[in-house]
Amino acid sequence: MEIFGVPIQAFLGQLLLGLVNGSFYAMLSLGLAVIFGLLNIINFSHGALYMMGAYVAFLALDLLGLGFWWSLALAPLIVGGFGIIIERLLMRWIYKLDHLYGLLLTFGLALIIEGVYRYFFGVSGQPYPVPDALRGATDLGFMILPNYRAFVVLASLIVCLGTWYVIERTRLGAYLRAGTENPQLVQAFGVNVPLMVTLTFGFGVALAAIGGVLAAPVIQINPLMGSNIIIVVFAVVVIGGMGSILGSILTGLGLGVIEGLAKVYYAEASSTVVFVIMAIVLMVRPAGLFGKEK
Amino acid sequence: MTTAVEFLRITDLHAFYGESHILHGVDLSVNRGEVVTLLGRNGAGRTTTLKSILGLVGHRSGSIMINGREAIGLPPHKIAHLGIGYCPEERGIFSSLSCEENLLLPPVVASTGLSVDEIYDMFPNLKERRMSQGTRLSGGEQQMLAVARILRTGAQLLLLDEISEGLAPVIVQALGRTIRMLREKGYTIVMVEQNFRFAAPLADRFYVMEHGRIVEAFSAGEMRSKMGMLHEFLGI
Amino acid sequence: MNNKTAVGFVLLVLLGLVAPYTGAYPIFLMKALCFALFACAFNLLLGFTGLLSFGHAAFFGTAGYAAAYSIKAWGFAPELGILFAVTTAALLGWAIGSLAIRRQGIYFAMITLAMAQMIYFICLQAKFTGAEDGLQGVPRGKLFGYFNLEDDIAMYYMVFANFMIGFLLIYRTVHSPFGQVLKAIRENEARALSLGYDVDKHKLLAFVISAALAGMAGATKTIVLGFETLTDVNWPQSGEVVLMTLIGGIGTMFGPVVGGFFIVTLENELADKVGSWVQVIMGAIFVICVLAFRRGIVGELTALFGRKKDVAV
Amino acid sequence: MDDYILETKSLTKEFKGFVAVSDVNLKVKRGEIHALIGPNGAGKTTFFNLLTKFLIPTAGHIFYNGHDITYDKPAEIARRGIIRSFQISAVFPHLTVLENVRIGLQRKLGTSFHFWKSEKTLGQLDAKVMELLESVDLTAYASAVTVELPYGRKRALEIATTLAMEPELMLLDEPTAGMGHEDVDRVTSLIKKVSANRTILMVEHNMNVVAGISDTITVLARGSVIAGGPYAQVSKDPQVMEAYMGTAEGELEGAH
Amino acid sequence: AQTAKAGAISGDKVIIGVMNDMAGLYSDIGGPGSVEAARMAVQDFGGKVLGKPIEILSADHQNKPDVGATKAREWYDTEGVDMIVDVPTSSVAISVGKVAAEKKRVFIDTGGATKALTNEECNPYMVHYAYDTYALANGTGKAIVQQGGKTWFFITADYAFGKALEADTAAVVKANGGEVKGVVRHPLNASDFSSFMLQAQASKAQIVGLANAGGDTINSVKAANEFGLTKNQSLAGLLLFITDIHSLGLKTAQGMMLTSAWYWDANDETRKFSRRFFEKIKRMPTFDQAAVYSAVTTYLKAIKAVGTDDADKVMADLKKTKINDMFAKNGYIRQDGRMMHDMYLMQVKTPQESKYPWDYYKLKATIPAEQAFQSLALSTCPMIKK
Ligand SMILES: Nc1ncnc2c1ncn2[C@@H]1O[C@H](COP(=O)(O)OP(=O)(O)OP(=O)(O)O)[C@@H](O)[C@H]1O
Ligand SMILES: Nc1ncnc2c1ncn2[C@@H]1O[C@H](COP(=O)(O)OP(=O)(O)OP(=O)(O)O)[C@@H](O)[C@H]1O
Ligand SMILES: [Mg+2]
Ligand SMILES: [Mg+2]
C-alpha cells in the first residue's frame, strides 16, 4: 500500500520522525509562550539559551565526566539560574516600556551569548554520544526507531503536559494567568509578583535548556544551533497563536510532522513549508490557530 | 461608645508617577469599623491616595501606618497581607480567568471572609454567569465581581474606588446595603466616590481632596453645615 | 519644516556635497549613505508608524538582486536597474505587508522575520542569485547614458542624490496628510478605525513605501559595490538596520543617518581590530541602547539642547 | 409621517447558548435623543456593538435610512454617518487638541493616502476645527497636547472629534460615567447642544441626564425590550421600576 | 608609487593581509590559525625580504562580501597591502578577487571552495591555492568507484554549492562505471537529517555521498550513525575538514572517505610544521592553514626572485616557478590561477586505530594533480585562449 507514491511503512516512519522534531518545536515554543505570558517579552535569546543547555551537557561530560542523565537534571538548573540572573539584572528595567524593547534587548543578548560561545568553543561543534541506556533501536515493523528518539518524544510530552497542567489547572497557574494581564493588581492582592516573574522566566529558560540537552546527542552542538531553530519556532508561535499553552504544544508537534512529510515529498521545500503555512494561517485566521483576538 | 482604635494613619504622604508629583502631603486617619469617603474632582488625587496605600505608585514618601505597622517601605504583596482588600477604579477583571476563578483568585489574608455562597446570594448575577470568561461579563457585572472578590479574603480594611460607577440604580442600592452590612460586621472601609448621593448616607466621615491635598475633613453630623463648601468644591 | 530641522537639513546637504573632498574613503562613504537610507526607510515604519519589522533585509537584498540581475543579465542602465529594483521591492513589500499587518506588535515583528527568512531561503535556492557565490561583477555603467559611474566621484554624487531623494520623500511622507493619519493610528488604532479610516490600508501603504525605499538603498549599494550576495537578505542584516535606527534615535529624522554611519564605521573599524568580538560588541550596543540610551544619539542630543521630548527632529 | 433613521428587526445575539440580545425591534426617530437604559447585563453594550459591527448578529436585521446594513464593515458604517463614542475615552493622546479634531475632518478631504502632499494642505481645515472646538468650549486648549487635558475636557474633545465626522447618528455609551458633577452637567448640555440636526442614541445610567435631555427612552432587561416611550410614561411603568430600581415605590429617580 | 622600479619595494615594506572569518562558520578552518600560519611563514623567511621588513595585517570579513571588498580596497589603496591571502566564503573571495583585479594587486585564495575563482571569475592577479569543489568531488568520486563503491546515493544541500558538488561527483561516478541510485536535496541548515537517512537506507546504495558542508555534514553523519546506516553502507564526505572530524569524534566518523589537500601527519616535514603550529593554537592545522603558510612563503620567494613587489612581475614569476614545500610537491600555478598539486583520498580511522590525539586519517590513495583538478580544456576562464 502506498500513500501518494510513498510506501505506507516509510510514510509512518517519517510521521514518527516528524514528531521527534515537533517535540523540540513544542518545547521551545512552550517556553516562549510561558515567558511571553507573564513578561510580555518575546525572548529572542531563547535559541541561545537552548544552545547553552546543549553546552552544559557537553561540558558536564567533558570536564566532569557527568553523563546525560546528570545533564538533564543540571542544565535546566544552571541555565534557568542564568535566566534568573538575566531577568534580575536586565529584564526588570524594561517591563514598563513598549514590548518591542524586550525583543530588541533579548536580540542583543542572543548576539552576546552566541558570540561568547563562538569565542570559547569555536564553531565546528562538539561531539556528544547517545546515552548508553538509550542506545540501539527498536524494530517497529515499519521502521527501525532509534530508542533515543522515542525517548525524546516521550520526555518532551511529559514536560509539556506537566507544564500545561500546572498553568491551566492549578491555583499557581491562575496567579500566573492573572499576573499576565494585570501584575500590579495581582500583587495588590498579596501575591509576590516580582518573584513569580523571575521564576517564570527561569522556568521558561529551563524548558529551552532541557530542549538543548535532548538535542545534544542527535544534532551537532555548536554556538549557532539556537539561531538556526529560533526563527522557525517564531513561525510556529505565530501559527499557533500565543494564547494557549496547549495550542503551542499541539502546533509545535503538528508542524514537526508536516515538515517531516515535506522532507519526503519535496525535501527542497522542507525549510520553507513552515513559513508557507504561516502565511496561509494568517490569511485565514489572523490570530493564529489557537489565538484569541485581543 | 467604644473608644476609637486607629486602623490607618497616613501622614505627610507624597506620591509620584515618574516625574509628576501628584500627592503633596496627605494626612488622614481611619478608625477601626469606620466608613470614610474621599471626595474631590476628577484628578484630585483620590485614586492615587488609595494606590499609594498599596504601594502601586511610582514613588512615595511619608508614613502609612496600617494596624500599627509602618507600610511605606513594604512591597505591595506584603502590604496586602496586613489585611487590605482593594477594588480598583478600572475593576481589574481578568479575562483569562472565568468569573468564578476571578472570584477565588485573591489569596485569603484572614479567616474572617465571606463564603462563596454568601457572595452569590448577595450578587445573583454572578452566580448565573459563573462559568463565563471574566471580561465577557457586562460592565456592571464586572463591577460586582470586583467588589465581591475582596469580600472573600477576610481583609479588614477595604479600599473601594468608585464602586457605584456604571451600575443600575437597583444594584447601587444593593451595594449600599452591602456596605452597611460590612460596617456592621466591623470592616473598615475607605471609599472614593464621585456619586455623592450614594456615599452621603453611608459614610461616617468625609475628606475632600483638591490638587493632591486634603482640604477639608468633616463627619456625617456636620454635613449640613458643609453643603456650601461642597457645592463650591464639587458642584454638588 | 521648523527652524532647527531646516538647519540640520542644510548641514546634511553641505556635508554630503563636500564629503568626497574631505579625504574620506569614497566607497566607504557611499556604502554608509546606502545603509543610512536603508535605516531611514526602516525608521519610517518603526519610528513613525510604530511597526517593528524584523525582516527588512528581504527588501534591501531582493532589490539588490533585482538591480544586479537586470543590469548584468539584461544590460539595464543603472537608473533603469534601480527603478526595476524599487518596483520589485515595493511589490514584495506589498505581499509581505498584506500578511504582516494582520497582526500587531511583537507578532508583526515575528511575521516579518519569518517571511524574510523565507525570502532568504528562496534566494539561496534560486538559480539567478548565484547562491553563496552571489551575483558578482555588476558593472556600474553610465547614468542616463552620460555620466560614467566607474568614476568614484560621479558615483558618489549619484548615491548622494539617491539618498536625498529617499530622505526627502520620507520627510514629506511623515509631514503629509497621510503622515498625520499614520500618527493617529499609532496613537489609538481603534479610534482611527471608528473615525472611518481604513487602518490596514494606511499601514500597508507605509509598509510599501518603506520597502520601496529600502529597496532603493539596496539597489544603489549593489551598483556601488558591484555585487549582491546572500548577506544582504539574511536576518542579521535585518537586525543590523534595527540597531542603526535604535542607536541613532527611533522616530527622529536624522537619527537613522547618524546610526547608519556609526554602525558601518564601527563594522569597518572593528574588522581588523577585535577579531571575533564584533558580534558581542554589536550585541552589547543593543543591550546598552535598550537599557540606558533609548532615545539614541540624535534623540539624546536634542534632549540635551533643551527641546521637548516629543519633537521629531 | 414618522421618519425613522434606524430600525432593527428581531435583532438577536447569542453567546454560546446565552442570549444577550433577544428579538429586539427598536425604532429611532430622526432628530431625537433616544436613551437606552436597563439593568446591568441587560444587553445594552452588546446592542451597541451589534449596531457598530463590533459583533455579528446571530439573527435579525439592521436598517439605516432604509438600507440594510446588517453585514457592513465597521469602517463602512462610519462612512455612512454612524459614529460611536467609546466608554473609555478615545482620543489621540500625543496629538494636540486641534490635530485630534482635524483627524476627524481630514478624511473627507480624500487625501488621507497622499503621502506626497505637505501637511500644510490641512491648514484649510483649521477654521472648521476652531468652530467645532468653540462649540464644545475648548478653543483655549487648541494647541495643548491632549494627554494633559482634564478628564471632562477629554470627553468634550472626543465629542468634538465625533462631530467633525458630521454624523447623522451618534451612539454614546455611558457618556457621563466616572465624571464629577460639574463635568456631568457640562457634557449633558453639550449633548443637548449638538443634538440639533442629528440623532443621538445613548446608553446611560445617570437618570438625571436621561430625564433631562432624552426624548424617547427604551428599557432593556435580559436582552428584551420591556418598555418604551417618553420619560414621563416610562418612569411610571411598574415593570421598569421592578427591573431597574429594585423597589416599586416612588418614581424612577436614580441613585445619582 | 604603483609602478615600482626593479629592485624597489613599494612603501619600503611588504605588507601581507590575512583576511578571513574570525568568528563565524569558517573560523576554525582558517581564522586566527591562518594569521598564525602567515606569521610563521614570515618568521621562517627571516622576517625580511630584499632587506625590507615584512608586515602581517589581519581582518575579519564576517562572511560579508561588502565588508571584505571594502576592507580589501582600503588595504590596497591606503594601507599599501601587497598581497591578500586566505579569504574563505565564496562570495567574499570572488568580490575580493574583483578588487584585486581592479587594483592590480596579488590575491592568493586558500580558503574559498568555489571553482568559479578559476573559471568565469578568474583574473590575472588571483591564485586559487589549496582546493576547490571540483577537486573534492572528483577525487572522492573517482577513487571510491575505483575501490569498488559502484552505487551511490546523494544527500545534497539544495543550493548551487551542493548541487555542483553532486553534479561533479555524479559525473565522475558514471564515467567510471558507477551508478547513481538517487538523490535527496535538503535545505541549508536542515538540522534534522533522520528523514533523509531513511531514504538513503531505502535506496540500498553502497555509498552515501554527502554533498553538503559544515554543520549539515556533521548532522548527516550523526544521524547516519544513529540509524545504523553505517552498518551496511559507507559515507563519503565531499567537503570535510579535519576540524569536522575532530568535532564528530572518531566513534561517529570512523570509516568515512574524504578528499583532503594536505594532512598534518603525512611526513616529517608536515609533522614538524604542525607541532610548532599546535604549540600556539592548540589544534592541528587544517589544510587551509597549511596552504596559507605555503602561499605566503611562495609569494615571498617570488619577490626575492624578481627583486620587486610589483604585482605583474611577481605574478609572472609565480606562474612559472615550481612549488616545493611541506604543503605541495612539484606544485605549479596554471594560467587560470589554479595551483596544481596532488590531492589525497583519506579514510577516517577507527578509535582503535588512532594512536594519539589528532591521529585521524589513513591514506587510501594519492590523486595526481592532473586528475584531481578540472582540466584547462573544460575551464571557462576568459584568460584561457582556446
Ligand atoms: N499613571 C499615571 N501617570 C502619570 N500621571 C497620572 C497617572 N495616573 C494618574 N495621574 C495623574 O494624577 C492625578 C491624580 O489622579 P487620580 O487618578 O488620583 O485622580 P482621582 O481623584 O482619582 O480622579 P478620577 O475621578 O479621575 O479618578 C491626575 O492629574 C492624573 O492625570
Ligand atoms: N462576548 C461575550 N460572550 C459571552 N457573554 C457575553 C459577551 N458579551 C456580553 N456577554 C453577556 O451578555 C450580557 C449583556 O452584556 P452587556 O455588556 O451588553 O450588558 P449592558 O447592558 O451593557 O450592561 P452594563 O450596564 O452593566 O454595562 C451580560 O450578561 C454579559 O455577561
Ligand atoms: Mg479615580
Ligand atoms: Mg455596558
Side-chain angles (χ1 to χ4, degrees), chain A residues 6-7 9-10 13-18 20-21 24 114-119 121-130 135-137 143-149 215-225 227-229 231-232 256 259-264 266-273, chain E residues 21-29 31-33 155-159 162-163 183-199 201-202 214-223 225-229 231 241-253 282-283 286:
Chain A
V6 174
Q9 269 95 349
Q14 300 289 4
L15 218 61
L16 209 58
L17 289 178
V20 178
N21 276 325
F24 289 113
E114 211 182 273
V116 168
Y117 272 73
R118 278 181 184 197
Y119 182 80
F121 299 103
V123 288
S124 39
Q126 311 295 345
Y128 197 85
V130 171
R135 245 168 225 293
M143 78 174 294
I144 312 253
L145 180 69
N147 293 342
Y148 183 74
R149 302 244 168 191
V218 285
I219 72 172
Q220 185 201 26
I221 304 176
N222 79 29
L224 305 174
M225 64 193 278
S227 50
N228 289 342
I229 197 169
I231 297 178
V232 180
E259 200 185 74
L261 293 181
K263 282 178 177 159
V264 187
Y266 191 59
E268 287 88 337
S270 56
S271 62
T272 35
V273 68
Chain E
D21 173 12
M22 295 281 178
L25 225 41
Y26 308 108
S27 52
D28 286 346
I29 298 164
I155 293 179
T156 305
D158 184 38
Y159 61 106
K163 286 190 224 164
V183 176
V184 59
R185 302 229 167 93
H186 67 81
L188 184 65
N189 292 332
S191 87
D192 178 60
F193 284 78
S194 46
S195 158
F196 309 126
M197 290 308 145
L198 286 191
Q199 297 176 44
Q201 241 165 356
D216 281 344
T217 311
I218 290 180
N219 286 330
S220 307
V221 177
K222 277 193 149 186
N225 262 278
E226 212 191 331
F227 282 79
L229 180 127
K231 287 200 192 91
F241 290 89
I242 197 161
T243 44
D244 296 328
I245 304 301
H246 187 67
S247 96
L248 274 168
L250 289 185
K251 212 167 172 182
T252 317
K282 303 292 169 235
R283 279 168 177 266
T286 61

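Note: hydrogens, waters and symmetry copies are ignored here, and every other heavy atom, side chains too, is used. Here is how names work: the chains are called A, B, and so on, in the same order as the sequence lines, proteins then strands, and each is numbered from 1.
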Per-residue contact mode, E:F196 against chain A (heavy atom under 4.5 angstrom)
side chain
Interface moiety of A:P223 toward chain E, non-hydrogen atoms closer than 4.5 Å
neither
Taking atom NZ as the centre, does E:K282 end up with more than 12 heavy-atom neighbours from other residues, nucleotides or ligands that are less than 6.0 angstrom away?
yes
Select one option (side chain, backbone, both, neither) describing which atoms of E:I218 are under 4.5 Å from chain A's heavy atoms.
side chain
Can you tell which part of A:Q220 gets under 4.5 Å to a heavy atom of chain E, answering side chain, backbone, both or neither?
both
Output for pair (A:Y119 OH, E:M22 CE), nearest 0.5 Å, gives 12.0 Å
What's the spacing between A:R149 CZ and E:S194 OG if we round to 0.5 Å?
4.0 Å
What one should report as the nearest heavy-atom pair of E:S195 and A:G260 is OG-O, 4.3 Å
Value for NE2 (E:H246) from CD (A:Q126), rounded to nearest 0.5 Å, stands at 7.5 Å
Of the non-hydrogen atoms in E:L198 and A:L17, which two are nearest, and what is the gap between them?
CD1-CD1, 3.4 Å
Quick check against the 3.5 Å criterion: does A:K263 have a side-chain atom that pairs as donor or acceptor with the backbone of E:D192?
yes
Search all heavy atoms of A:A216 against all heavy atoms of E:K222 and return the closest pair with its distance.
O-NZ, 3.1 Å
Among E:I29, E:T156, E:D158, which residue has the highest count of heavy-atom pairs closer than 4.5 Å to chain A?
E:D158
Residue A:I219 versus chain E: region with a heavy atom under 4.5 Å
both
